[in-house]
Amino acid sequence: MVGLGLIGGSLAAALRQGGFTQTIIACDPDSEEVQRGINMGLINAGGSCLAELAPQASMIVLAVPVLAMESVMRELAKTLSDFSTVVITDVGSTKAAIRDCARQVFGYLPSTLVLGHPIAGSEKSGVAAANPRLYLDHKVILTPEANVDADALERTRQLWQACGAEVIEMDVERHDQVLARTSHLPHLLAFSLVDTLARQDQRLDIFRYAAGGFRDFTRIAGSDPVMWRDIFIANREAVLASLDDFEAGLQRLRNAVAIGDSDAMLATFDRASHARHYFDSLINKTSYQAEYHMQPQGQVTYRVQPGGSAQGQLRVPGDKSISHRSIMLGALAQGVTEVKGFLEGEDSLATLQAFREMGVAIEGPHQGNVTIHGVGMQGLKAPSGPLYVGNSGTAMRLFAGLLAGQAFDSELTGDGSLTRRPMNRVADPLRKMGATIDTAEGGRPPLKIRGGAPLKGINYLMPMASAQVKSCLLLAGLYADGETRVREPAPTRDHTERMLNGFGYPVAREGDTCWLEGGGQLTAGPIDVPSDISSATFFLVAAAITPGSDITLEHVGINPTRIGVINILTLMGADLELGNQAEVGGEPVADIRIRYASLKGIDIPVDQVPLAIDEFPALFIAAANAEGVTRLRGAEELRVKESDRIQAMADGLAVLGVEHQVVEDGIDITGNGEAARASYAGGQINSLGDHRIAMAFTIAALRASDEIVIEDCANVATSFPNFIELATRIGMTLNVEGNDE
């Protein structure tokens, strides 16, 4: 160990605590530090003469300041005749300077040289501050060159893994650029701020009354000045580049403060606040809205007890489809859009963040309220990287149309589930409009969209009924020259058309075709998002199948293109009535009261399938409780949702013992219509990470004879954050078992 300060001492301490029993020797110019390390049991021996100590080593760790590396390497060059027998690594926070130093001293890069950087530290110094847990769960970046010896690389990796660190690899230039922004720049700013304030006349009061935030931010200014001087000199170019970026951002903010531009200030503050939560969630692979809802993360299992009642008056969360569109159109509008009832679910929050990254100031969400400061049709700015939309196929397909008309390049990506879903259904017609779009193999995400392509309106006959495809083309049509017409083979959700009209952008419809002219403008206005009928469906079915039930769902959207579930349940004999019907922001809403009635199996009308496509998992549970056979056909779309919902539901029904037969485009389900006995058994269900599968089998427990255990339920939060709360409120008994990662 060359250098026995905090970093080298902590490495020795971690190795000792991890059970390393071989010899550790330290070289340090301070003989007292060496003796202290021996007394602490961290090292076996040491001294100040590297020439005497280095030949004994099979691995040498250079834990000295960056500018001291050259003198240490020169000593090693004189001492070691054969570098192939010893692994040399380091802990410096800038790599290009150390690599260049090695080339200059040795005349080449030894293959056993593995440059590294532990992302850990403390304001304390010296071996007395050695902490065996300093590297635990911290990252160590290795920057091996192309000629690196595989055994040397592996031994270095094992060295840090033995300390509990996560080891990753990165090229030298990338490392220096990233660290300049995430470590070096913050230290530079902290030193500067403390120095500036310490030279003020009121400095005593400034530091006396400083709050916790000031102390937290400036804590790093207590770091070793010599070490940081060396780092800033060694990584000069990257530090200056990051400082230039920061100064430009600071100047923009200063200008906003100077002229009282509240929107610009809000955009910066809000974007920064939410970005911190958002990127933490991506890095830690946790749910974004966990910051808002405190939900369990990782592997989540529902354990639902059989039976229970279905009573109460509920308001389920806002409609996800309308929530997405309210953000999109509000961002493109002139003026401020106030949204009430916004769904604070994972997908909708990802859409919010995407627009923040494109320069839109957005306040909230707070208890369903969001304020969007629109930037106009041409006001979006290029994001600094790919736009991540999580699990939302709606967001990705609608964004594809919207971004096709922008002047800048963009990329759309999502989680593992979304990257398996087909996107050519939007990419192909957008290409016909003139867009340049690249997809991954099989027409799957990510989507890379070339900006600046002139779009032309087209007359498009959709091969399948899809509101997402229709909406995508209408959004692209806003930026197209001429008229964009979309004809659908069956009715689909018309939220986009209704909301565009609500924002003052005329969309016409005649029969199965809708159209608009490009080049118009959107005008901001208030939006009251109705409760999501897809979310309400689980409680509609809960009441429909449970004897003695009586549930009222308030302010539910009953858009004619979404009421397939109401029509189908009514055909099955459900006791269902609509009250307090009204129209809010162009969308019809009503309170829906439903009580238990004996259900009958039916042949589901094909024309109702597109109107209930997301509600079928719950409707399958209704069918399992109906007398006779329920037949579904023409539902191929269900096979390309978050999961193959036909097969996933069939597998779950098989576990419960429900008689069924799967066909390519549907399923036959034979139900039990007897109220006096359970309709099926319990069992263990794999939801395949599909939120609607998980919620459907949760409701199924109302008529089960034994408990139902549902695995992989974390994604319920994507569309229905308070589902568990409402299920418990109506009289169900269930426990959530989560591995909080």
Side-chain angles (χ1 to χ4, degrees), residues 1-27 37 40-44 54 56-64 66 69 83-95 98-99 102 109-122 124 127 129-172 174-176 178-179 182-183 280 282-286 297-299 739-741:
M1 197 82 65
V2 185
L4 194 63
L6 170 76
I7 298 298
S10 295
L11 175 56
L15 292 172
R16 290 301 190 207
Q17 190 173 85
F20 185 81
T21 59
Q22 298 182 58
T23 303
I24 300 178
I25 300 173
C27 180
M40 293 172 66
L42 303 182
I43 60 175
N44 300 93
Q56 306 175 50
S58 60
M59 175 177 276
I60 298 175
V61 180
L62 307 182
V64 298
V66 174
M69 288 288 180
F83 284 99
S84 66
T85 62
V86 58
V87 176
I88 303 173
T89 187
D90 80 307
V91 299
S93 70
T94 174
K95 308 315 314 174
I98 298 174
R99 179 190 60 186
L109 284 179
S111 63
T112 55
L113 176 64
V114 183
L115 300 181
H117 176 207
I119 311 297
S122 168
K124 300 176 182 179
V127 70
N131 177 7
R133 298 177 59 84
L134 186 65
Y135 308 111
L136 185 64
D137 297 326
H138 282 247
K139 290 181 173 61
V140 172
I141 302 174
L142 302 183
T143 60
E145 292 295 306
N147 71 326
V148 69
D149 177 80
D151 182 61
L153 178 60
E154 181 58 26
R155 286 179 60 191
T156 307
R157 178 184 298 278
Q158 290 178 9
L159 171 79
W160 291 109
Q161 288 174 338
C163 302
E166 176 191 351
V167 182
I168 60 176
E169 292 182 21
M170 190 180 292
D171 67 67
V172 165
R174 179 64 175 160
H175 169 276
D176 286 0
V178 169
L179 267 294
T182 59
S183 175
D280 275 352
L282 297 188
I283 291 167
N284 298 323
K285 299 181 180 179
T286 56
Q297 297 304 305
Q299 291 301 314
N739 174 22
D740 195 352
E741 295 184 342

If we only count heavy atoms from C-beta on, is the Gln22 to Ser58 side-chain gap below 4.5 Å?
-> no
Going by the side-chain hydrogen bond (donor to acceptor under 3.5 Å, both in side chains) test, which pairs reach into residues 156-168, not counting sequence neighbours?
-> Glu154-Gln158, Arg157-Glu169
Where do Ala130 and Ser10 come nearest, in terms of heavy atoms and distance?
-> CA-OG, 3.5 Å
Are Gln56 and Ile25 close enough, and set up right, to give a side chain to side chain contact (heavy atoms under 4.5 Å, CB included), and what steps lead you there?
-> CA-CA 9 Å; Gln56 306 175 50; Ile25 300 173; 3.5 Å; yes
Of all residues at least two apart in sequence or in a different chain, which pass the salt bridge (Lys or Arg N to Asp or Glu O under 4.0 Å) check with Arg16?
-> none
Rounded to the nearest 0.5 angstrom, the CE-CD1 distance for Met1 and Ile60 is 11.5 Å
Side chain to side chain donor-acceptor pair (under 3.5 Å) with Thr182: which residues, sequence neighbours excluded?
-> none
Of all heavy-atom pairs between Cys163 and Ala14, which one has the smallest distance, and what is that distance?
-> SG-CB, 3.6 Å
Minimal heavy-atom distance between Ile119 and His138, with the atoms involved, is O-ND1, 2.9 Å
Closest heavy-atom pair, Ala120 versus Leu134, reported as atoms and distance to 0.1 Å, is CB-O, 3.4 Å
Do Leu179 and Thr94 touch side chain to side chain, with heavy atoms closer than 4.5 Å?
-> no
From CG (Leu113) to CD1 (Ile88), nearest 0.5 Å = 6.0 Å
Calculate, to the nearest 0.5 Å, the distance between atoms CG and CG belonging to Leu136 and Asn131 respectively.
-> 9.5 Å
Any side-chain heavy-atom pair from His117 and Thr143 closer than 4.5 angstrom?
-> no
Rounded to the nearest 0.5 Å, the CG atom of Leu109 sits from the OG1 atom of Thr112 at a distance of 10.5 Å
Could I get the full list of salt bridge (Lys or Arg N to Asp or Glu O under 4.0 Å) partners for Asp90, not counting sequence neighbours?
-> Lys95
Contact check, side chains of Ile24 and Leu42, non-hydrogen atoms, under 4.5 Å = no
Sequence neighbours left out, cut at 3.5 Å: what donor-acceptor pairs do the side chains of residues 2-9 make with other protein atoms?
none

Taking C-beta and beyond as the side chain, do Arg174 and Val178 meet within less than 4.5 Å on heavy atoms?
-> yes
Atom NE2 in His175, atom CG in Leu142: separation rounded to 0.5 Å?
-> 10.0 Å
Side-chain heavy atoms of Ile43 within contact of Val127, under 4.5 Å = no
Determine, step by step, whether Leu159 and Leu15 satisfy the side chain to side chain contact (heavy atoms under 4.5 Å, CB included) criterion, reporting the C-alpha distance in whole Å, the side-chain angles of both residues, the deciding distance to 0.1 Å, and the verdict.
-> CA-CA 8 Å; Leu159 171 79; Leu15 292 172; 3.8 Å; yes
Distance col, row Ser84:OG vs Asp151:CG, nearest 0.5 angstrom, shows 11.5 Å
Not counting sequence neighbours, which residues clear side chain to side chain donor-acceptor pair (under 3.5 Å) with Thr89? List them please.
-> none
